[in-house]
Amino acid sequence: MVFQKLVDRLEQGDILSAEEWLLLITKEDAEGVLYLQERARALARARFGMGVFVRGLIEVSNYCRNNCYYCGIRAANREVSRYRLDLDTILACCREGYKLGFRTFVLQGGEDPLQTDDFIEEVVRTIRTSYPDCAITLSLGEKSRDAYLRFFHAGANRYLLRHETYDEEHYRQLHPSNMSRLNRLTCLSHLKEMGYQVGTGIMVGSPGQTPQHIAADLQFIQQLMPQMIGIGPFLPHHATPFAHEMPGSLSLTLRLLSLLRVMQPAALIPATTALATLSAKGRNLGILAGANVVMPNLSPTAERKNYSLYDDKAALGAESAEGLQLLQQELSQIGYHIDYGRGDFHL
Ligand code: 5AD
């Protein structure tokens, strides 16, 4: 019963030790894990009912100045054909998305130096004016404090920036030496103090990741108290240094989703595209493990294949904005439905 007891303590808001986290992350205890999942699911239902929020994902640029070893749009990958969306194209995506019922737009992109802060500010301001009832989420990587502030004042509400790993050495296994874990953490604290709803998270099963690393990640997340938490399995991309690494595990991803839900019952936690790519049932399993958000792809169809963070990334069917009906059907198989609300974080 030690597993169940720890789940209860997590639910009560206790701060667990690293060893206790390790047990929750690694113990082979089918009954305990089932109990964890039941608690996670019950907590999500108590707060969100059977509704799953949808966010329209617009991938605004696949140019990136970075060379993260895991990522298919890293600068050094010459195979990918690069694109960046202009203002009108982004607005057309929003128009389409609004018609379909989306009330959150997520602008995600590589760190593209030519998609300047001025440009992003203008995009945000225009969307804010045209869609005053919508939430605007940015996911554009590390920017200056000044840039984050300008985007916020232009009308952005939320920012997604995964810390990827809290461990310094592991961070260096995943990123070249010109990238810094400290800068990533500084960005997160800037975003938080400015008043953004902030999202962070990790890849599950990234090369070199140990249960100790994950324990540190969960402790960090508990401390940061982000409004959104994004985790999904690592999936290899053929044109990266990690081409031959193993994908992350489905069951560990689901277990971590449940731990996050129990730890932060109010958090917005997506069943990610990577999870849906790993397994045909991934999205619904994620929701049953405690996730409550899905982010269908709203990018121009012609460009989707080029936003290839990993191989075989799902961007069609229930992972696409046009596929909302299919998504609804699939959710209804487990008794859930799409919630078209903005779904702002509130305690
Ligand atoms: N597998 C899974 N997730 C990935 N990401 C980037 N590359 C991969 C990959 N190969 C995730 C990172 C990033 C988010 C946008 O996508 O965690 O923060």
Side-chain angles (χ1 to χ4, degrees), residues 55 57-77 79-80 106-112 137-143 158-167 170-171 173-176 179-181 183-185 187-188 191 198-209 213-214 217 220-221 226 228-250 252-253 256-257 260 269-279 282-283 286 293 295 297 299 304-315 319:
R55 320 301 200 192
L57 183 64
I58 306 170
E59 295 154 336
V60 295
S61 172
N62 72 348
Y63 283 87
C64 191
R65 65 192 174 105
N66 291 324
N67 266 306
C68 308
Y69 300 137
Y70 46 83
C71 184
I73 63 168
R74 63 204 304 272
N77 181 9
E79 278 182 35
V80 63
V106 181
L107 309 187
Q108 182 170 95
E111 291 188 10
D112 177 356
T137 305
L138 301 179
S139 178
L140 303 168
E142 298 175 7
K143 305 276 176 192
R158 308 179 182 150
Y159 206 102
L160 305 175
L161 182 66
R162 291 187 181 175
H163 66 289
E164 313 294 359
T165 177
Y166 190 70
D167 184 84
H170 187 221
Y171 193 91
Q173 282 180 265
L174 300 179
H175 306 97
M179 291 181 71
S180 128
R181 158 190 179 277
N183 194 50
R184 183 65 57 109
L185 300 180
C187 285
L188 283 167
L191 290 162
V198 170
T200 197
I202 61 166
M203 290 173 289
V204 180
S206 60
Q209 185 183 61
H213 295 150
I214 298 174
D217 290 321
F220 166 68
I221 292 171
M228 303 166 284
I229 309 168
I231 68 161
F234 161 77
L235 297 171
H237 183 287
H238 64 275
T240 65
F242 290 162
H244 302 293
E245 301 286 341
M246 295 282 290
S249 128
L250 176 63
L252 181 57
T253 305
L256 295 179
L257 282 171
L260 290 166
I269 304 179
T272 56
T273 300
L275 183 57
T277 301
L278 180 69
S279 153
R283 185 184 323 100
V293 175
M295 298 166 67
N297 197 310
S299 306
R304 283 184 199 168
K305 62 177 182 316
N306 296 323
Y307 202 82
S308 50
L309 306 183
Y310 41 83
D311 289 336
D312 306 316
K313 179 164 151 279
E319 284 297 319

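Every value quoted in this text rests on a predicted model; they were computed, and no experiment measured them. One-based numbering, in listed order, for ligands and for the atoms of each. Numbers here are sequence positions counted from 1.
Residue-to-ligand polar distances place Leu235 within reach of ligand 1: an N/O pair is separated by less than 3.5 Å. The shortest N/O to N/O separation between His237 and ligand 1 does not fall below 3.5 Å.
When hydrogens are left out, the protein atom nearest atom 16 (O) of ligand 1 is Leu309 CD1, 3.5 Å; that is the closest non-hydrogen contact. Counting protein heavy atoms only, atom 13 (C) of ligand 1 is closest to Glu164 OE2, 3.4 Å. The protein heavy-atom contact nearest to atom 7 (N) of ligand 1 is Tyr70 CD1, 3.3 Å. Summary of contacts: the protein heavy atom closest to atom 3 (N) of ligand 1 is Met203 SD, 3.5 Å. Nearest protein neighbour of atom 2 (C) of ligand 1, counting heavy atoms only, is Pro233 O, 3.3 Å.
Within the model, atoms NE2 of His213 and OG of Ser206 stand 8.5 Å from one another, a figure rounded to the nearest 0.5 Å. To the nearest 0.5 angstrom, Leu260 atom CG is 8.0 Å from Ile202 atom CD1. Note that CD of Glu319 is 6.5 Å distant from OG1 of Thr277, once rounded to the nearest 0.5 Å.
Close approach to Arg162 involves these atoms of ligand 1, each under 4.0 Å from a residue heavy atom: 11 (C), 12 (C), 17 (O), 18 (O).
Heavy-atom distances between Gly201 and ligand 1 stay at or above 4.0 Å for every pair.
Judged purely by atom type and a 3.5 angstrom limit, Tyr166 has no side-chain atom pairing as donor or acceptor with the backbone of Ile214. Formation of a donor-acceptor pair under 3.5 Å by the Asn297 side chain with backbone atoms of Ser299 is found in this model.
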Exercise. May I have the step-by-step check of side-chain hydrogen bond (donor to acceptor under 3.5 Å, both in side chains) for Thr200 and His163, ending in yes or no?
Key: CA-CA 6 Å; Thr200 197; His163 66 289; 3.1 Å; yes
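Minimum interatomic distance between Cys71 and Thr240 (heavy atoms only, all atoms of both residues): O-CG2, 3.4 Å.
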